[in-house]
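Heads up: the structure comes next, in structure tokens.
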Amino acid sequence: QVQLVESGGGSVQAGGSLKLSCAASGYTNSMNNMAMAWFRQAPGKEREGVAFIYNNDGRLDYVDSVKGRFTISQDNAKKMLYLQMNNLKPEDSGMFYCAARWGLSGSRYLPDAYRYWGQGTQVTVSS
């Protein structure tokens, strides 16, 4: 059973930076075979995907609202997923979750396409 644990959230002012981490455990296959994503959920809103990675073939993707500001990366040796967030805006605030599934097949940003989820880490950006 894959387990995911996020960390790194916090409170920052607009224009600041945070780096989120997601520690993966409970599996023996290569992390390269995992499709992984970061999702964001603001209060009263649906969970939305913001960044996607499938390291097996180097696929990276970002939603338009975070392009040029967020960077997703993965360290297979450490079994870690990261999200570097720069130039943060108040609208970036919310609970951030990492999600994973085995294999590429499936939507990049549909929550139901992911089997494994972390508990979330809170990001608050003040203006």
Side-chain angles (χ1 to χ4, degrees):
Q1 181 75 5
V2 176
Q3 296 176 340
L4 303 174
V5 179
E6 303 95 335
S7 61
S11 296
V12 296
Q13 290 190 329
S17 298
L18 284 173
K19 185 175 184 178
L20 306 184
S21 299
C22 174
S25 62
Y27 62 94
T28 56
N29 293 341
S30 171
M31 199 174 182
N32 278 342
N33 295 324
M34 276 189 185
M36 303 189 76
W38 285 97
F39 284 76
R40 172 175 66 198
Q41 188 167 22
K45 294 188 176 181
E46 293 185 352
R47 194 170 297 189
E48 60 171 349
V50 297
F52 170 89
I53 186 169
Y54 183 62
N55 223 24
N56 208 10
D57 60 7
R59 297 188 193 210
L60 298 174
D61 188 70
Y62 303 91
V63 294
D64 287 345
S65 61
V66 307
K67 280 181 180 176
R69 301 188 299 120
F70 290 12
T71 302
I72 189 170
S73 62
Q74 190 173 303
D75 185 329
N76 292 340
K78 295 182 179 179
K79 295 187 176 181
M80 296 291 294
L81 178 73
Y82 303 102
L83 186 68
Q84 176 67 47
M85 305 186 296
N86 298 327
N87 191 21
L88 282 160
K89 303 176 180 181
E91 53 265 40
D92 293 320
S93 297
M95 189 71 78
F96 279 72
Y97 300 89
C98 68
R101 66 171 184 260
W102 291 111
L104 180 62
S105 179
S107 168
R108 292 183 178 183
Y109 296 127
L110 187 66
D112 286 347
Y114 291 87
R115 180 174 181 181
Y116 306 107
W117 290 87
Q119 83 291 346
T121 186
Q122 179 68 39
V123 171
T124 303
V125 185
S126 57
S127 57

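In what follows, residues are counted from 1 in the order of the sequence shown. These figures come from a predicted structure and were not determined experimentally.
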Smallest heavy-atom separation, F96 atom then F70 atom, equals CE2-CE2, 4.3 Å
Minimum heavy-atom distance L83-A51, with the two atoms named: CD1-CB, 4.0 Å
Who pairs with K67 by salt bridge (Lys or Arg N to Asp or Glu O under 4.0 Å), at least two apart in sequence or on another chain? D64
Side-chain heavy atoms nearer than 4.5 Å, only ILVMFWY residues, links allowed to pass through others: does that put W117 and I53 together? yes
How close do R59 and L104 get, counting heavy atoms only, and between which atoms? CZ-CD2, 3.3 Å
Can you name the closest pair of heavy atoms from M31 and L81 and give their distance? CE-N, 4.1 Å
Can you pull out every salt bridge (charged side-chain N to carboxylate O under 4.0 Å, His left out) where at least one residue sits in residues 105-126? Sequence neighbours excluded, please. D61-R108
Transitively linked via ILVMFWY side-chain contacts under 4.5 Å: V66 with Y109? yes
Measuring only between side-chain heavy atoms, which start at C-beta, is T121 closer than 4.5 Å to S7? no
When the aromatic ring centroids of Y27 and W102 are compared, is their separation below 6.0 Å? yes
Do Q84 and S17 pass the side chain to side chain contact (heavy atoms under 4.5 Å, CB included) test, and can you show the C-alpha distance, the side-chain angles, and the key distance before you say yes or no? CA-CA 8 Å; Q84 176 67 47; S17 298; 4.0 Å; yes
How about M85 and V123: do any of their side-chain heavy atoms sit closer than 4.5 Å? yes
Sequence-distant partners of E91, salt bridge (Lys or Arg N to Asp or Glu O under 4.0 Å), two or more places apart: none
Which heavy atom of S127 sits nearest a heavy atom of A14, and at what distance? CA-CB, 4.3 Å
Derivation and outcome, side chain to side chain contact (heavy atoms under 4.5 Å, CB included), residues K89 and R69: CA-CA 10 Å; K89 303 176 180 181; R69 301 188 299 120; 3.8 Å; yes
Got Q41 and P111 here, is their nearest side-chain heavy-atom distance under 4.5 Å? no
Nearest atoms (heavy-atom pairs only) where L20 meets W38: CB-CH2, 3.7 Å
Side-chain contact, heavy-atom cut-off 4.5 Å: E6 with Q119? yes
Distance-only polar pair, side chains of N55 and N32, donor-acceptor under 3.5 Å: yes
